[in-house]
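Starting from 1, each residue takes its place in the sequence as its number.
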Amino acid sequence: MARHLTLRDRWLTHMLWEHKVLTTHQIVELAWSTAARRTANERLRKLYQWRVLDRFQPFVTTGSAPMHYVLDIAGAAALAYEHGLDPKELGYRHDAAIGIAHSLRLAHTVGCNGFFTSLSNAGRTNADTGLLTAWWSETRCRRLWGDIVRPDGYGRWAEHGTEVEFFVEFDFGTEAHRILAAKLHDYHRLAVSTGIITPLLLWLPTAQREATVRRALADAHATLPRPELVPMATSSPQQPATSDDPAADRWLPLPATVGSSRRVRLAEFASRWPRRTPAADLVHRLTTAVPNPARSRLDSPPPTPPDGQDRQHWSAA
């Protein structure tokens, strides 16, 4: 198997270790072009046969769900040895990996991952759009900040010489408004504790849900001791935008400017909220202090496959 695994295959095992589950569409957004979907499906089939990846198809009431991929035994072993670890040190368990198929949080995890893969695809398909330079999973965020906040993801977006980092709360329409609003106090406490201002993006399932949640968020935001420490914006798939990707002008800041309801691009947050000490610096200090070698060596991979000569190997895969 070692002589058959390409750089992209190995990178994909790292992404599935970090983010648990990705659909076929999300994998294509990350590592193939839309025109190469058939090639991607064939490669994923081979990785499944070699037990690098495992897959399942959730039940849906109408139509058919896309294939969902997780890390399998051979892929976990290759990933461990690649980073100088014994597979036992990785902490991988196949029953836990494939068990996400029965998790009540499957739809939430897949939805949040789709948010980031859309961002990644926007940067890969159009260099003028920008580039997703970091994407950390809910598990990694919980390990680093879980004593204060538990975001669904953390990312950094670079566009035209500016870069903005952000936390993501992916709302699936199941949490009460007051619970969402209460999270703002936790993010305020994190900003006070670290001295780092990190915008919070709240992605909501519908425009109606966004409108009602914004009222609760505005009330909670006004009660913060220092509201400027928790800049935030909301969006939903139904809002008009120049494109469907999260980097487009679809984000409505909170609190909104009086008399203005203009939605802004993700890159505009950099000018609205100048970046202080990057949260990534804090992450680096924390991860290097973690005793588990799998956590210190298996740092998060880049959100998009590497460019340059590596891409030549991929085109042949």
Side-chain angles (χ1 to χ4, degrees), residues 12 15-32 34-49 51-72 75 93-122 135 137-139 142 150-153 168-180 183 201-214 216 234-241 243-246 248 250:
L12 185 56
M15 293 300 288
L16 284 170
W17 166 252
E18 172 78 12
H19 302 293
K20 297 185 183 300
V21 57
L22 294 167
T23 67
T24 303
H25 176 70
Q26 291 169 353
I27 292 174
V28 171
E29 284 189 316
L30 285 172
W32 275 274
T34 304
R37 180 177 293 273
R38 184 173 181 178
T39 303
N41 283 330
E42 178 61 23
R43 189 61 184 177
L44 291 173
R45 185 182 67 84
K46 288 185 177 180
L47 294 177
Y48 169 71
Q49 291 174 339
R51 298 211 65 178
V52 175
L53 307 180
D54 204 351
R55 65 187 185 185
F56 62 90
Q57 196 170 20
F59 170 80
V60 291
T61 55
T62 59
S64 59
M67 199 65 72
H68 289 51
Y69 286 87
V70 299
L71 190 63
D72 205 344
R93 288 172 41 220
H94 180 257
D95 59 337
I98 197 65
I100 197 172
H102 307 284
S103 171
L104 296 178
R105 289 182 56 83
L106 173 63
H108 180 274
T109 301
V110 170
C112 187
N113 287 350
F115 172 91
F116 283 98
T117 60
S118 295
L119 269 179
S120 176
N121 184 63
W135 168 23
S137 65
E138 178 184 7
T139 301
R142 180 172 296 188
R150 295 186 176 185
D152 294 320
V168 171
E169 287 284 349
F170 190 88
D171 177 61
F172 215 60
T174 57
E175 288 188 312
H177 297 173
R178 59 179 179 79
I179 296 179
L180 289 173
K183 293 181 179 181
L201 305 183
L202 184 60
W203 186 267
L204 298 128
T206 65
Q208 181 179 4
R209 170 79 171 175
E210 181 183 7
T212 56
V213 167
R214 279 184 65 86
T234 63
S235 186
S236 58
Q238 285 72 18
Q239 292 300 332
S243 67
D244 293 332
D245 71 89
R250 62 186 315 122

In short, salt bridge (charged side-chain N to carboxylate O under 4.0 Å, His left out) pairs touching residues 63-72 with sequence neighbours left out are R51-D72
Side chains of V168 and P151: closer than 4.5 Å at any heavy-atom pair? no
Side chains of Q26 and L30, heavy atoms from C-beta outward: is any pair under 4.5 Å? no
Passes side-chain contact (heavy atoms from CB on, under 4.5 Å), M15 versus E18? Steps please. CA-CA 5 Å; M15 293 300 288; E18 172 78 12; 5.7 Å; no
Locate the shortest heavy-atom distance separating [X] from [Y]; write the atom from each residue and the value.
X	Y	value
H94	L71	CD2-O, 4.5 Å
C112	D152	SG-O, 3.5 Å
P205	P237	O-CD, 3.6 Å
H177	A216	CB-CB, 3.9 Å
A65	Q57	O-NE2, 2.6 Å
E169	K183	OE1-NZ, 3.1 Å

Near [X] [atom1], under 6.0 Å, is it more than 12 heavy atoms from other residues, nucleotides or ligands?
X	atom1	result
L104	CG	no
R93	CZ	no
K20	NZ	no

Can a donor-acceptor pair be found, under 3.5 Å and without considering hydrogens, that links the side chain of [X] to the backbone of [Y]?
X	Y	result
S118	G114	yes
T212	Q208	yes
T24	P66	no

From the options L16, L53, D54, L22, select the one residue that forms a side chain to side chain contact (heavy atoms under 4.5 Å, CB included) with V70. D54
Relative to each other, are the rings of H108 and F170 parallel, tilted or perpendicular (30° and 60° limits)? perpendicular
Aromatic plane relationship, H19 with W135 - under 30° parallel, 30 to 60° tilted, over 60° perpendicular: parallel
Run the side-chain contact (heavy atoms from CB on, under 4.5 Å) check on V21 and T109 step by step: do they pass? CA-CA 8 Å; V21 57; T109 301; 3.9 Å; yes
For E29 and T117, run side-chain hydrogen bond (donor to acceptor under 3.5 Å, both in side chains): C-alpha distance rounded to whole Å, both residues' side-chain angles, the deciding distance at 0.1 Å, then the answer. CA-CA 6 Å; E29 284 189 316; T117 60; 2.8 Å; yes
From CA spacing to verdict: side-chain contact (heavy atoms from CB on, under 4.5 Å), H68, L106: CA-CA 10 Å; H68 289 51; L106 173 63; 4.2 Å; yes
How long is the straight-line distance from CG of L47 back to CD of Q49, given to the nearest 0.5 Å? 9.5 Å
Have E210 and S236 got a donor and an acceptor in their side chains that come within less than 3.5 Å? yes
Answer yes or no: is there an ion pair linking R142 with E138, defined by an N-O contact shorter than 4.0 Å? yes
Could you check R38 against W32 for side-chain contact (heavy atoms from CB on, under 4.5 Å), going step by step and ending with a plain yes or no? CA-CA 10 Å; R38 184 173 181 178; W32 275 274; over 6 Å; no
